[in-house]
Amino acid sequence: MKAPRQIVEEIVRKAVARGIERGAFPAAAATVGFGVDLPKKAEHGDLATNAAFPLAKLLGQNPMEAAEKLRALALDEAGMDGHIESVTVARPGFVNFVFSEQFRSDGLREIFARGSGFGRTDEGRGARANVEFVSANPTGPLHVGHGRGAVVGDVVASVLSACGYTVSREYYVNDQGAQIRNLGASLKERIKEAAGEPFEIPADGYHGEYVRELAAELVAQKGGAAGAMAVEELSGWGSARLLEAIGRDLESFGIKFDVWFRESELHSRGAIKVLVEGLKSRGLAFDDPTGAVMLGAEAGREFGDDKDRVLVKSNGDATYFASDVAYHEDKLKRGFSRLINVWGADHHGYIPRVRAGIKTTGRDPAVLDVILVQMVNVLRHGKPVAMSKRSGSFVTLREVLSEVGRDAARVVFCMRRPDAQLDFDLEIVKRRTLDNPVFYMQYGHARICSILRKAAAMGLTPPAYDSGLVPKLALPEEREIIKRLMFYPEALLLCARTLEPHHLVFYINETIGEFHGYYTKYKNTARVISEDTQLTAARLMLCGAVRTVLANAMGVLGVEAPERMDSMPGDDAGEEARDEAKEED
RNA sequence: GCGCCCAUAGCUCAGUUGGAUAGAGCGUUGGACUACGAAUCCAAAGGCCGCAAGUUCGAAUCUUGCUGGGCGCGCCA
C-alpha cells in the first residue's frame, strides 16, 4: 500500500493532468509545486493540499474557484483509487481529503501481513551507507557527550537500514599519534608513582584517575618489569585496555559496530604516504619552508576554507587531517555511496576541510553528511553536575547508564534535534513523566499487552486481520489511530532524510498518547473486550496493530518494548538519601 | 575581525516543501479509577514565534540588517 501522503499527491497530480487535458488548467499547471499537509483541525480532513493557490495564480482566478475545479477532478481520481472517501473545499482555497474505510482496511491488513517489517521501505534501494560515530580516542573512558553521539549514530543507522540502505556501523580508532603517546607518558609517570618514585604527569598528559588504575593493574600484572616498559609499549597496552573498556560500555548500551577501523592501518598500508605524494604530484599540496607538507588553500576555497592546511608536520608526523582524508577515501573505495559522520558540534569548522579533502581524491564531496551533535549538560535537580572539578574528572557514560538505565538514556539522548544542546537531568530521567518518555512509551506498550493478555486468558482469538471487522472501528478515535499508524513509514523516512532521529521519538509519544486518550475516554463505555464478539475482535485487531507499530518503532530506537512493567521505579526510599549525599560535592 | 549553529508558553522543547485559530511535556489550578494497568486521562490558564524591514494570496519557516547566546578560525584532536 502506498503511503497516505503519496496517495493524495498522486490524486492531485492526476487531477491536474486531467484538468489540463480538458482545458480547465493551462499546460503550465503540470509543473506547479504544491504541498500535501496534515491539517491541524479534524474538520479539515485527513490530508489537505494547497495546490489550488498556485493554480489560481496561473488561471488569474481566485483560489476558491481553482479549488472547486480541482476538487471535481480530484473526486474522479479518488473514486478510482478507493482510499479517499470525500474531497472538499475550504476557504481560502484548500482542498481537503478524508480517508475511506478501505484505506483503513488496507492499512490494517498491511500491518498484520508485514508484522515486524511494517514501516520498512526501500527508499535507499540497497545503497551502501557508512555511519561512523563515537570514534573517541582510546585515551580515556567514554563520557556522556560520547553517549549522545553513540545513540544518535546508532539510531540513524537503524533508521537508514529500515529505509532500505545497507548500513555499516563504523568506529574510527585513533590508535596512533600524539594523544596516544601522551597516554603512554602519563601511564609511565603513574607507574613511577605506584613504585613510590617521584613523578610528574606531563602538562598535556592525562590526569584522570583511570590512568592510575591502569598503572596499578599493570604493576600487579608485571611487577617491577612495568617500570622498565617504554612509553611506546605503554601507549599500546594502555590504549588497547581503554578500547576494550569503550567496547564494553557501548555493548552494554546496546551498540555494536560492524567495523573498528584503525588509523594505524592507514599508516602501515602506506595509504597516507600515497595520498600526500599524489596530492603533491598534482600540485595540490606543496612543501612548506619549515619542512611541513601543506594542502594548498585552493582545494578548500569552494567549501569556504581559505587557508593552507597542514598534512604532514615538520616533525614528519601526519596530521589527523591527512589520515582523515585517507580514511574517507578508503571508505569510498570500499564501495559506500553515502558517508555519514557523527561529530561533536565543536568540530563544525572541520567539515569544509574534509569535503575539500574528499574532492582532492577525485570523489564527490556530496556523499558526505556530517551530523553535528551538541553538548550534553548533565544536571541533578536542575543544577549542573561538576564536569571538571579537577582535570580529568567528568561524568562517564557508564555512571549515567548505571544510574538511569539503558533505555532511558537512549531515549533522552535522541529526543532532541542533534544540533540543539541537551539538558540531561538525572533526577527527571528517573521520574515517570513525559520528560522521561521512555516510561510513557513502555507503559503504553505494556498496557496494550495487558489487554491482549486478558483477552487470551478469556479464550478469545488473538488479534488478526479481518476486513469484515473494519467497519466496527467506527469511533473517531479509532479511525484517527489507524490513520496515524499508517504514517509510521513516513516518520521513519523523515528521520532518514533529515538524519534526525528525534522525529521518531515524537511519533511514538504522539501515537501512544492517542491510544492512552482513547483507552481512558471509553474505559467505562466502550471497552476493548465486551459482550459483542465482533466488536471485541475488531478492537483487539486495533490493539494488535498499535502494538506492532510501537514495538517496531521502539526497536528502531533500540529500546525494549516490555510486555509488562512490574517494578515501579523511583519509589525506593534509599534513593533520596543517596541523591542528597551526591549533591554535597 | 571572519565563518557556522541557535533564539517559539514560567521551564525543557516540537513545528515536514512557506498554509487554515502556532503545538507537546513539565510546572500551576481544577477534575476522572467497584471493570482490560491512574506509570494514565480530561479541562483551564499561559505566546509581539528575540527586534526591524523585505519577498507574496499567505511567513515561526525564505532574504537582509540588528540584538543576545554557543562554537570554530593551531604543525590540537
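Chain A is the first sequence line, chain B the second, and so forth, proteins listed ahead of strands; every chain is numbered from 1.
Nucleotide B/C73 forms a Watson-Crick or G-U wobble pair with B/G1, both donor-acceptor distances falling under 3.5 Å. Remark: B/U63 base-pairs with B/A53; criterion is Watson-Crick or G-U wobble with both hydrogen-bond distances under 3.5 Å. In this structure, B/U12 forms a base pair with B/A24, meeting either the Watson-Crick or the G-U wobble geometry with both donor-acceptor distances under 3.5 Å.
Within 4.0 Å (heavy atoms only), A/Glu9 reaches at least one base atom of the nucleic acid. Among the heavy atoms of the strands, none lies under 4.0 Å from A/Asp305. Across all strands shown, A/Gly517 has heavy atoms under 4.0 Å from sugar-phosphate atoms exclusively, and none from any base. At the heavy-atom level, A/Ala48 lies under 4.0 Å from base atoms of the strands shown. Using a 4.0 Å heavy-atom cutoff across all strands shown, A/Leu38 reaches at least one base atom of the nucleic acid. Using a 4.0 Å heavy-atom distance criterion, A/Arg539 is classed as making no nucleic acid contact. Using a 4.0 Å heavy-atom criterion, one finds that A/Ala455 contacts no nucleic acid atom at all. As judged by a 4.0 angstrom heavy-atom cut-off over every strand, A/Asp346 is placed among residues touching the sugar-phosphate backbone only. As judged by a 4.0 angstrom heavy-atom cut-off over every strand, A/His348 is placed among the base-contacting residues. Within 4.0 Å (heavy atoms only), A/Glu510 reaches no atom of the nucleic acid at all. Base contact: A/His347 has a heavy atom under 4.0 Å from a base atom.
When each of A/Met294 and A/Arg417 is assigned the nucleotide of RNA chain B bearing its nearest heavy atom, the one mapping closer to the 5' terminus is A/Arg417. Across the interface with RNA chain B, nearest-nucleotide mapping of A/Leu452 and A/Ala345 shows A/Leu452 to be the residue nearer the 5′ end.
Each of B/G19, B/U40, B/C73 was ranked by its minimum atom distance to the side chain of A/Tyr440; first place goes to B/U40. For A/Arg416, counting side-chain heavy atoms from C-beta on, the closest listed nucleotide (B/G15, B/C4, B/C13) is B/C13. Considering only side-chain atoms of A/Asn96, the nucleotide from B/G70, B/A39, B/A20 that sits closest is B/A20. The A/Lys40 side chain lies nearest to B/G19 when the options are B/G19, B/A77, B/A38. Across B/U16, B/C41, B/C13, the shortest atom-to-atom separation from the side chain of A/Asp423 is found for B/C13.
The CG atom of A/Leu183 lies 6.5 Å from the OG1 atom of A/Thr139; values are rounded to the nearest 0.5 Å. The structure places CG of A/Asp37 at 8.5 Å from CZ of A/Phe94, a figure rounded to the nearest 0.5 Å.
Taking atom C1' on both B/A9 and B/C26, the two are 12 Å apart, rounded to the nearest angstrom. Of the C1' atoms belonging to B/C73 and B/C51, the separation is 29 Å, rounded to the nearest Å. Taking atom C1' on both nucleotides, B/C49 is separated from B/U61 by 10 Å, rounded to a whole Å. Nucleotides B/A32 and B/G69, compared at atom P, are 48 Å apart to the nearest Å. The C1' atoms of B/C4 and B/U40 are separated by 44 Å, rounded to the nearest whole Å. Comparing B/C62 with B/G19, their P atoms sit 11 Å apart, to the nearest whole Å. Nucleotides B/C36 and B/U29 are separated by 31 Å at their P atoms, to the nearest Å. Here the separation of B/C66 from B/C2, taken at their P atoms, is 9 Å to the nearest Å.
One atom, OH of A/Tyr327, and another, P of B/A77, lie 17 Å apart when rounded to the nearest Å. Atom CZ in A/Phe53 sits roughly 14 Å away from atom C1' in B/A59 (whole-Å rounding). In this entry the distance linking CD of A/Gln61 with P of B/C57 reads 16 Å, nearest Å. We find that CG of A/Leu504 is positioned 17 Å from P of B/U16, with the value rounded to whole Å. Atom-to-atom, CG of A/Asp419 to P of B/G72 comes out at 16 Å; the value is rounded to the nearest Å. Atom-to-atom, CG of A/Asp288 to C1' of B/G74 comes out at 14 Å; the value is rounded to the nearest Å. Atom C1' of nucleotide B/G74 and atom CG of A/Asp204 are separated by 14 Å, given to the nearest angstrom. The distance between atom CD of A/Glu500 and atom C1' of B/U16, rounded to the nearest whole Å, is 10 Å.
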_The test is side chain to side chain contact (heavy atoms under 4.5 Å, CB included); show your working for A/Ile508 and A/Met554 and say whether it passes._
CA-CA 8 Å; A/Ile508 294 171; A/Met554 289 166 80; 4.2 Å; yes
*Start with the C-alpha gap between A/Ile180 and A/Asn137, add the side-chain angles, then the distance that decides, and say whether side chain to side chain contact (heavy atoms under 4.5 Å, CB included) holds.*
CA-CA 8 Å; A/Ile180 297 294; A/Asn137 285 358; 5.5 Å; no
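Near-neighbour residues of RNA chain B inside residues 311-318 of chain A, defined by a heavy atom below 4.0 Å, number-ordered: A/Lys313, A/Ser314.
A/Arg353 forms no cation-pi arrangement with A/Phe303, by the criterion of a distance under 6.0 Å to the ring centre and an angle within 45° of the ring axis.
Note: A/Phe506 and A/His502 have perpendicular aromatic rings, judged against thresholds of 30 and 60 degrees for the angle between ring planes.
Note on A/Tyr443: every side-chain N or O is 4.0 Å or more away from OP1 and OP2 of B/C41. Contact between the side-chain N/O atoms of A/Lys307 and the OP1/OP2 oxygens of B/C2 is not found at any separation under 4.0 Å. The side chain of A/Arg447 places no N or O atom within less than 4.0 Å of a non-bridging phosphate oxygen (OP1 or OP2) of B/C36. OP1 or OP2 of B/C36 has not a single side-chain nitrogen or oxygen of A/Tyr522 nearer than 4.0 Å. Between B/G15 and A/His503, a contact under 4.0 Å exists linking OP1 or OP2 to a side-chain N or O. A/Lys57 has a side-chain polar atom (N or O) that falls below the 4.0 Å cut-off from OP1 or OP2 of B/C57.
Residue A/Phe94 and nucleotide B/G19 are not classified as a stacked aromatic pair, given the requirement of ring centres less than 5.5 Å apart at an interplanar angle below 30°. Stacking between A/His44 and B/A20 is present: the aromatic ring centre lies within less than 5.5 angstrom of the base six-membered ring centre, and the two planes differ by under 30 degrees.
Residues A/Arg5 and A/Glu10 are not paired through a salt bridge, judged by the lack of any N-O separation under 4.0 Å between the basic side chain and the carboxylate.
Within the 6.0 Å centre-distance limit, the rings of A/Phe424 and A/Phe413 are counted as a close aromatic pair. The aromatic ring centroids of A/Tyr327 and A/Tyr172 lie less than 6.0 Å from each other.
Under 3.5 Å, the side chains of A/Tyr507 and A/Glu490 contain no donor-acceptor pair of N or O atoms.
Heavy-atom contacts from other residues, nucleotides or ligands closer than 6.0 Å to NZ of A/Lys273 number 12 or fewer.
Anti is the classification of B/C73, since its glycosidic angle lies more than 90° from 0.
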